[in-house]
Amino acid sequence: MPDDMAAMAPPQEAGGRQSVKSLLKMLDVLECFSTQDRELTVVEMARRTGMPRTTVHRIVDSLRVLGFLEQEASRERYRLGIKLFELGNTALTNLPLYREARPFVDTLSKMSGEVVHLCVFDGSQMVFVERSEHGSGRPHNTVTTMEATPCHSTGVGKATLAFQDEAVIDRIIRLGLHRFTSETITAPASLREELARIRARGFAVDECEHEPELRCVAAPIRNSTGKVFAAISVSGHTRRVTLNRVADLATLVMSHAQLISIRLGFMPSAASASTGPGASRPD
């Protein structure tokens, strides 16, 4: 809205717009942090957001009071506060996927004897929401974490990315295809070919592309509209998850992925027969 029109706006409307702007600035500050950048100074946050240092300092002080940021003893560096973890954990446990998939994650881990991951696509990365491990003499261990991993180098990531629109795939490629191992796919054309193979067969394989000597078999999970928004995988050391086991594990993983999708309201009979990127979202 032009400045002269903004000046004539009712006080309540103007105040509402100012509140939205303030909230967006707070979000900009919070989004400066990541698993790589766990602690930041006000100067670093100002540089990343493009906002004046005094503005960032005022926002940081408000976030600290609210518990969304914590200040280091040195009083120069900040990290995300425990309040965000509490809110994130509440949001996670309220996700239909989290509630409906937990028994299937546990069962798949028991049947495969390997580690099982359940992940959600956040638009750019895969966020782990559930992990379960059984077998090989290891004690049962289920933990919840919200750490994110790339799409192009993981089984869950490729299984999800393969069924996104071309615009989403293009955006992921523009973000950069970072190399993690000698097997990581870093060429856009090669990634597109891999995604086409995944769409055709219905599952993805991470051939030591994210971690050395770790093979992963993953399958996509759909919501009630048929949109692929998550994935589930079985992973283990290449000594156990051999190439000879991939076919059997793929059948197991795909069946569990479909069961979870059905629990979320997906109707397989309504799925499109097309194998293109938009096939998972019949309208």
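Positions are given from 1, in the same order as the sequence printed here.
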Main chain of [Y], side chain of [X]: is a donor-acceptor contact present, judged purely on distance under 3.5 Å?
| X | Y | answer |
| --- | --- | --- |
| S62 | R58 | yes |
| T181 | C208 | yes |
| S233 | V217 | no |
| T184 | T186 | no |
| S109 | E114 | yes |

[X] bridged to [Y] by N-O distance under 4.0 Å:
| X | Y | value |
| --- | --- | --- |
| R64 | D61 | yes |
| R174 | D170 | no |
| R192 | E166 | yes |
| R215 | E207 | yes |

Inset, instruction - Provide the closest heavy-atom pair for T154 versus T149 in the form atom of the first, atom of the second, distance. - result: CG2-OG1, 4.0 Å
Inset, instruction - List the atom of F229, the atom of T160, and the distance in Å for their closest heavy-atom pair. - result: C-CG2, 4.4 Å
Legend entry - Aromatic plane relationship, H210 with F180 - under 30° parallel, 30 to 60° tilted, over 60° perpendicular: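 Rings of F180 and H210: tilted, 30 to 60°.
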Inset, instruction - For H57, look at atom NE2 and say whether over 12 heavy atoms of other residues, nucleotides or ligands are found less than 6.0 Å away. - result: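 Atom NE2 in H57 is not crowded, with 12 or fewer foreign heavy atoms closer than 6.0 Å.
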Legend entry - Q125 CD to H152 NE2 distance, which is reported to the nearest 0.5 Å: 10.5 Å
Legend entry - side chain to side chain contact (heavy atoms under 4.5 Å, CB included) partner of F163, chosen from I169, V228, L195: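 The single option meeting the side chain to side chain contact (heavy atoms under 4.5 Å, CB included) with F163 is V228.
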Legend entry - Identified salt bridge (Lys or Arg N to Asp or Glu O under 4.0 Å) partner of E44 from the options R38, R53, R77: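 Going through R38, R53, R77 one by one, the salt bridge (Lys or Arg N to Asp or Glu O under 4.0 Å) with E44 is satisfied by R77 alone.
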